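What follows is one structure encoded as C-alpha cells, with my remarks underneath.
Just so we're clear, the structure is a prediction, and the values are computed from it rather than from any experiment. Residue numbering restarts at 1 for every chain, and letters A, B, ... go by the order of the sequence lines. Just so it is clear, the values below take in all heavy atoms, side chains as well, and ignore hydrogens, waters and symmetry mates.
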2 protein chains.
Amino acid sequence: MPRVSDMKQRLTDAALDLMWENSYGTTSVDAICERAGAKKGSFYYFFKSKSELTVAALEAEWNKNKANMDGLFSPTIPPLERFDRYFDYVHDRLAELQEECGSILGCPLLSIGSEVSTQDKGVRATVDRIWDRKIKYFESAIRDAHAQGLIAAPDPEAKARALFACYHGTLAQARIQNDVGLIRDFKEVARDVLGVKQAHATSS
Amino acid sequence: MPRVSDMKQRLTDAALDLMWENSYGTTSVDAICERAGAKKGSFYYFFKSKSELTVAALEAEWNKNKANMDGLFSPTIPPLERFDRYFDYVHDRLAELQEECGSILGCPLLSIGSEVSTQDKGVRATVDRIWDRKIKYFESAIRDAHAQGLIAAPDPEAKARALFACYHGTLAQARIQNDVGLIRDFKEVARDVLGVKQAHATSS
DNA sequence: ACCTTAGTAGACCAACCGGTCAACTATTTT
DNA sequence: AAAATAGTTGACCGGTTGGTCTACTAAGGT
C-alpha cells in the first residue's frame, strides 16, 4: 500500500476550525481546502460531499476529546467535582480561543447542529450521537452523586439531559454576546439544576 | 404620497419564516423574494442588504410578539405562574409549527444569533438587543417572586439571564433532536434554576 | 525495472449567490 | 392633466458555490 497522507485529518481539522469560528454555511469547500493546503481533487478523493466531511470532522473531534473527557469524569473523582472540573476546563479553553480569534465560540455541536438540523440528516444524526455520548458522562456523575446522597435525582438520565441543555444554552448565549461571564458563573447554576443539598461555601 | 405597499412586511415575514425553518445562510435573497411574491428590485428598494433585512425581520417579529409577552408576564399574574404560562405558550406554539413543517424549530434568535454572531455585527447587535428586552420579563417576574418570598434571588438580573440561557439551550436541543419532550418538561427544570422553595405537587 | 495503488493536481462546470440599474407603472397632490 | 413620488420589474453582473473529471505522481511489492 503505497503512499500515506495526513490530508484526511488536515481537512477535518480545517473544516471544524472554520465551522466553529464561523458557521457551516459560510465555510466553503474552497476555504477548507485552502486552510488544509489541499486541492479540490484531494478533498473529493477523501469525502464525497461537504456534508460527509462534516460528519467525519465531528467524529474526529470527538475522538480527540474523548480521553480528556474520560479523565475529567473519572469515577475516582467525587461526582460533583467532576462537573466543576469540566466546566472549568471548557471555560478556560473557550477563553483561550477567544484570545486567538476574538470571539467566544461556544460549542460546535450546538452551532452546527442547530444550523443544519432541519436540512442535513447525516450531520444531524452525528451531532445527536455524539451529544448522547457526552450526556453519558453527566448521567453517571449524577447517578453517583445521587447514590452518595449529595443530590436527589431519581431520574439521572433526564437530569443529565436537562443540565446538558442548560449548559449548552449558556455556551450559546456566551457566543452570541461574546461574553465569558455566563460560562464562568455556570457552576452555580449547575448546582441549582442538580439540586445540590448542602449549601457549602466555595470561596470568599 | 402615492402608492402604498405591504411588500416590506411580506419580505420580513418571508425572511423570518425561511430563516427559522432552515438557517440564515441557506436562505437566499431569491428564495425570500419568491416566497414574498417580490422581484429582486423590490427587495433592494426596501433593504440595502440581506443583513439589513434580517435586522428588520427580527425587530418586526419582536413587535408582533410584544403584546402577547406583555399579557403572559402581566404583573397581575402571580410571578411563578407567569413562567408556567410562558413556557406552556412556547411549547404549544412550537408543537403547532412542528405539525406544519415537521420539525421543532427552537428560537430564531438563538439559531440566527449563533450562526452569524462572529460575522455580522448588525444582526448580532439586534439579537442582543431583543434578547435583553425578553430577559426583562424574566427579571421582573423573578424580582416579584423574590419579594413574595417564593424564591431566593438576591440578584434577579443574573438569575434571569441564567434561566433564559437554560431555556434557550433546551429549545436548541429540542430543535437538534426534533423532540418536544424537553420543552414540555422544562417547567420543572425552571423551578430548580429559580430555586422555588416549597415543593408543591402540580398534578398527579 | 515495473506494476499497482494511494494520493495529488487543477482545469472545468452549471447553478446560484448577493447586488445593481435603468426603465417602467401606479397613485396622490397640485 | 401633469408633475412628483412610491413602488415594481427583470435583465444583467462578476464572483463563488459544491462538485466532476482526467491526467498525473509518489511510493511499496514483486
- With DNA chain D as reference, determine whether A:Lys48 or B:Lys39 sits nearer its 5' end, using the nearest nucleotide of each. B:Lys39
- Identify the residue among A:Thr27, A:Thr126, A:Val123 that makes a side-chain contact (heavy atoms from CB on, under 4.5 Å) with A:Ile112. A:Val123
- Query: Does the ring of B:Tyr24 carry B:Lys50 above it, NZ/CZ under 6.0 angstrom from centre and within 45° of its axis?
  - Reply: yes
Would you kindly give the [atom1]-to-[atom2] distance between [X] and [N], to the nearest whole Å?
{"X": "B:Asp120", "N": "C:dG18", "atom1": "CG", "atom2": "P", "answer": "13 Å"}
{"X": "A:Phe43", "N": "C:dG7", "atom1": "CZ", "atom2": "C1'", "answer": "16 Å"}
{"X": "B:Lys40", "N": "D:dC12", "atom1": "NZ", "atom2": "C1'", "answer": "10 Å"}
{"X": "A:Met7", "N": "C:dG7", "atom1": "CE", "atom2": "C1'", "answer": "9 Å"}
{"X": "A:Asp30", "N": "C:dC16", "atom1": "CG", "atom2": "P", "answer": "18 Å"}
{"X": "B:Leu11", "N": "D:dT8", "atom1": "CG", "atom2": "C1'", "answer": "12 Å"}
{"X": "B:Glu52", "N": "C:dG18", "atom1": "CD", "atom2": "C1'", "answer": "14 Å"}
{"X": "B:Lys50", "N": "D:dT16", "atom1": "NZ", "atom2": "P", "answer": "16 Å"}

Please check the phosphate of [N] (OP1 and OP2 only) for any side-chain N or O of [X] closer than 4.0 Å.
{"X": "B:Ser28", "N": "C:dC17", "answer": "yes"}
{"X": "B:Ser5", "N": "D:dA6", "answer": "no"}
{"X": "B:Tyr44", "N": "C:dT20", "answer": "no"}

- Task: Answer yes or no: does atom CD of B:Glu188 have more than 12 heavy-atom neighbours from other residues, nucleotides or ligands under 6.0 Å?
- Result: no
- Task: Check whether any side-chain N or O of A:Ser74 sits under 3.5 Å from a backbone N or O of A:Thr76 as a donor-acceptor pair, and report yes or no.
- Result: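 Yes.
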- Message: Quick check: B:Phe138 with B:Tyr86 (ring centres under 6.0 Å apart)?
- Response: yes
- Query: What is the nucleic acid contact for B:Thr26, judged by heavy atoms within less than 4.0 Å: base, sugar-phosphate only, or nothing?
  - Reply: nothing
- Message: What's the closest nucleotide to the side chain of A:Tyr45 if the choices are D:dG18, C:dA6, C:dG19?
- Response: C:dA6
